[in-house]
> 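The structure follows.
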Amino acid sequence: MQNTVAKVAVVGSGISGSVCAATLARNGISVILFDSARGPGGRMSQRREISEDGRELLFDHGAPYFTVTNPDVLSVVTEWESRGLVAEWKSNFGSFDCFTNKFVNTEHQERESKKYVGVPGMNSICKALCHEPGVDSKFNMGIGKFEWLEHENLWSLIGLDGQHLGHFKGVVASDKNIASPRFTAITGQPPPLDLSLAPELVKLHDIPIYPCFALMLGFNEPLSLVPANGLSFTNSKVLSRAHCESSKPGRSSTSERWVLHSTTEYAKDVIAQSGLEKPSKETLSKVGNEMLQEFLGTGLTIPHPFFMKAHRWGSAFPATSIAKEEKCVWSEKKKLAICGDFCLSPNVEGAILSGLAAASKLKGLIGTL
């Protein structure tokens, strides 16, 4: 990359980082967005799989939908809706009690908050935001080190491969593991961000997380005996929820696709046995079979899936909120903002609010430079 000074680097293209980057760009601040993944979305990413017979299957294997209560977020989502990026998922939702083996509350729930989904996938929102004018997105590019240049009053970013990625007047990071020992446990490298660079960063030390496994399933025929397209499970040690991917607006209905999510306890037990490293095919196969068996245990006639694949979200949900008042972690002296659902609330709405807060901090400061 050229050794030029850009205004702001945003690290992470999940919904929080994407919202922050797009908001800054709309306010005339040039942004370079970095992500180690192949594409945007984080836990709002979409998984593309090919079955043995060559069929393309798309799954929202992270967040199945999101709800909105905050007026600022509602305003943003309404704008996305007008652009065709999101739609309301109008369907029937309910719960299954694994103790009594009965479905409960499976009527169409009109009184509940609207459930929004990205169209045609949950990652559609982040895709659009990452390609707004003024945002230069670079994927497959993980950050190995954030270096503060005291005399220049600038940030220098170094890639995982040692490549110099540029100098920046401000930095936003949306990865909860960026200064955590968990980063070292997974990658074998020191965390990219040194907590001693700013006193505000101490909150980032080893944020507790909840892991989760997702199981993607493809069926040749609809699961007509399951009375809801979105389910939560009670009294199950294995499953927490399930949703019918192909029932969402804008999705292909050529095959019936479901995503199951495990309980935190189940995921913790698996990780305790297999470790934090990338799970083996054998581990994922075992997890997939156990989650499927629990789903089949509803007692309904569920056909055998023609496609089945498990995925581990190693740090799926934050177990705490570290910046409820500020909505982001902010060092004015270093022009560094940390945003994400771990700052405010562990959901999409919390991540959006945190991204907006980080953009607000930086656009007020950077604009004067």
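Quick note: numbers below take in every heavy atom, side chains included, and nothing from hydrogens, waters or symmetry partners. Positions are given from 1, in the same order as the sequence printed here.
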> Kindly say whether F307 contributes a backbone atom to a donor-acceptor pair with the side chain of S51 at under 3.5 angstrom?
no
> Is atom CZ of R48 surrounded by more than 12 heavy atoms (other residues, nucleotides or ligands) closer than 6.0 Å?
no
> Are the side chain of E349 and the backbone N or O of T69 linked by a donor-acceptor pair below 3.5 Å?
yes
> Taking I29's backbone N and O only, do any of them form a donor-acceptor pair with N27's side chain (distance below 3.5 Å, no angle check)?
no
> Using the rule given for side chain to side chain donor-acceptor pair (under 3.5 Å), can you reason through T283 versus S280, listing the C-alpha separation, both sets of side-chain angles and the distance that settles it, and then say yes or no?
CA-CA 5 Å; T283 296; S280 65; 3.0 Å; yes
> Take E326 and K361, measure what salt bridge (charged side-chain N to carboxylate O under 4.0 Å, His left out) needs, and give me the verdict at the end.
CA-CA 10 Å; E326 289 283 317; K361 297 285 188 186; 2.8 Å; yes
> Where is the tightest heavy-atom contact between L24 and A359, given as atom of each residue plus distance?
CD2-O, 3.6 Å
> Using side-chain heavy atoms (C-beta onward) and a distance below 4.5 Å, is N101 in contact with T298?
no
> Can you confirm if the aromatic rings of F295 and W258 lie within a centre distance of less than 6.0 Å?
yes
> Taking all non-hydrogen atoms of both residues, which atom of L85 and which atom of S124 are closest, and how far apart?
CD2-O, 4.1 Å
> Evaluate the side-chain proximity of E88 to K115: yes if any heavy-atom separation is below 4.5 Å, no if none is.
no
> As an exercise, state the distance from CZ of F103 to OG of S95, rounded to the nearest 0.5 Å.
9.5 Å
> Centres of the W313 and H261 rings: under 6.0 Å?
no
> Any chance you could lay out the salt bridge (charged side-chain N to carboxylate O under 4.0 Å, His left out) test for K335 and E332, step after step, and finish with the verdict?
CA-CA 5 Å; K335 297 179 288 296; E332 183 171 344; over 6 Å; no
> Has S345 got a side-chain atom pairing as donor or acceptor with N347's backbone, closer than 3.5 angstrom?
no
> I'd like to check Y116 versus Y65 (side-chain heavy atoms, cut-off strictly below 4.5 Å). Are they in contact?
no
> Say whether L296 and L239 are linked into one hydrophobic cluster, either directly or through other cluster members, by side-chain heavy-atom distances under 4.5 angstrom.
yes
> Taking T263 for its side chain and K237 for its backbone only, find out whether a donor-acceptor pair lies under 3.5 Å.
yes
> Please round to the nearest 0.5 Å and tell me the distance separating atom CD of E79 and atom CG of L74.
12.0 Å
> Could you go through the side chain to side chain donor-acceptor pair (under 3.5 Å) check for Q189 and T184 one step at a time?
CA-CA 5 Å; Q189 299 191 38; T184 304; over 6 Å; no
> How far does CH2 of W330 sit from CD1 of I338, to the nearest 0.5 angstrom?
10.5 Å
> Are V76 and W89 connected in a single hydrophobic cluster, I mean Ile/Leu/Val/Met/Phe/Trp/Tyr linked by side-chain heavy atoms less than 4.5 Å apart?
yes
> Using side-chain contact (heavy atoms from CB on, under 4.5 Å), reason through R257 and M216 one step at a time and then give a plain yes or no.
CA-CA 7 Å; R257 299 179 310 287; M216 297 165 278; over 6 Å; no
> Answer yes or no: is there a donor N or O on one side and an acceptor on the other, between the side chain of K334 and the main chain of L197, under 3.5 Å?
yes
> Please walk me through it: do V117 and V86 pass side-chain contact (heavy atoms from CB on, under 4.5 Å)?
CA-CA 5 Å; V117 297; V86 305; over 6 Å; no
> When you compare the side chain of F233 with that of E294, does any pair of heavy atoms fall below 4.5 Å?
no
> OG/S315 to OH/Y210 distance, rounded to the nearest 0.5 angstrom?
13.5 Å
> Given D35, which partner from the list S13, S18, S137 fulfils the side chain to side chain donor-acceptor pair (under 3.5 Å) test?
S13
> Take Y266 and E290 through the test side chain to side chain donor-acceptor pair (under 3.5 Å) and record every step on the way to the result.
CA-CA 10 Å; Y266 174 79; E290 290 175 350; 2.5 Å; yes
> Grab the two heavy atoms, one from C343 and one from C339, that are nearest each other, plus how far apart they are.
SG-CA, 3.9 Å
> Evaluate the side-chain proximity of V11 to L157: yes if any heavy-atom separation is below 4.5 Å, no if none is.
yes
> Are V259 and M308 connected in a single hydrophobic cluster, I mean Ile/Leu/Val/Met/Phe/Trp/Tyr linked by side-chain heavy atoms less than 4.5 Å apart?
no
> Aromatic rings H61 and H311: how do their planes relate, parallel, tilted or perpendicular, breaks at 30° and 60°?
perpendicular
> If you apply the rule salt bridge (charged side-chain N to carboxylate O under 4.0 Å, His left out), what do you find for R47 with E49, and how did you get there?
CA-CA 6 Å; R47 189 74 168 258; E49 298 287 349; 2.8 Å; yes
> With a 4.5 Å cut-off on side-chain heavy atoms, are V68 and S113 touching?
no
> Has the side chain of T23 got a donor or acceptor atom that lies under 3.5 Å from a matching backbone atom of V19?
yes
> Side chains of L260 and F213, heavy atoms from C-beta outward: is any pair under 4.5 Å?
no
> Evaluate the side-chain contact (heavy atoms from CB on, under 4.5 Å) criterion for residues F219 and S255: first the C-alpha distance (whole Å), next the side-chain angles of each, then the deciding distance (0.1 Å), finally the verdict.
CA-CA 6 Å; F219 299 93; S255 63; over 6 Å; no
> For the side chain of S321 and the backbone of L344, is there at least one donor-acceptor N/O pair under 3.5 Å apart?
yes
> State, to 0.1 Å, how close I15 and I352 come at their nearest heavy-atom pair, and which atoms those are.
CG1-CG1, 3.7 Å
> When rounded to the nearest 0.5 angstrom, what is the spacing between CG in D341 and OG in S16?
7.5 Å
> Check for me, please, whether I158 and L154 land in the same ILVMFWY cluster - side-chain distances under 4.5 Å, paths through other members count.
no
> Considering only heavy atoms from C-beta outward, does the side chain of V31 approach that of D136 to under 4.5 Å?
no
> Looking at CD of E200 and CD1 of I322, how far apart are the two atoms once the value is rounded to the nearest 0.5 Å?
11.5 Å
> Dump the intermediate steps for salt bridge (charged side-chain N to carboxylate O under 4.0 Å, His left out) on D60 and R251, then the final yes or no.
CA-CA 11 Å; D60 295 331; R251 270 60 170 181; 2.5 Å; yes
> On a heavy-atom basis, which atom in A25 and which in P133 lie closest, and how many Å separate them?
CB-O, 3.4 Å
> For a side-chain contact (heavy atoms from CB on, under 4.5 Å) check, start with the C-alpha distance between K169 and V8, then their side-chain angles and the critical distance, and finish with the verdict.
CA-CA 6 Å; K169 293 182 178 178; V8 174; 5.9 Å; no
> Return the minimal non-hydrogen interatomic distance between P40 and C126, and the atom names on each side.
CB-CB, 4.0 Å
> Please check if the side chain of K286 supplies one atom and the backbone of K281 the other of a donor-acceptor pair under 3.5 Å.
no
> Do F59 and V287 sit in one hydrophobic cluster, given that two such residues count as connected whenever their side-chain heavy atoms are within less than 4.5 Å of each other, even indirectly?
no
> Do R182 side-chain atoms and I207 backbone N/O form a donor-acceptor pair below 3.5 Å?
yes
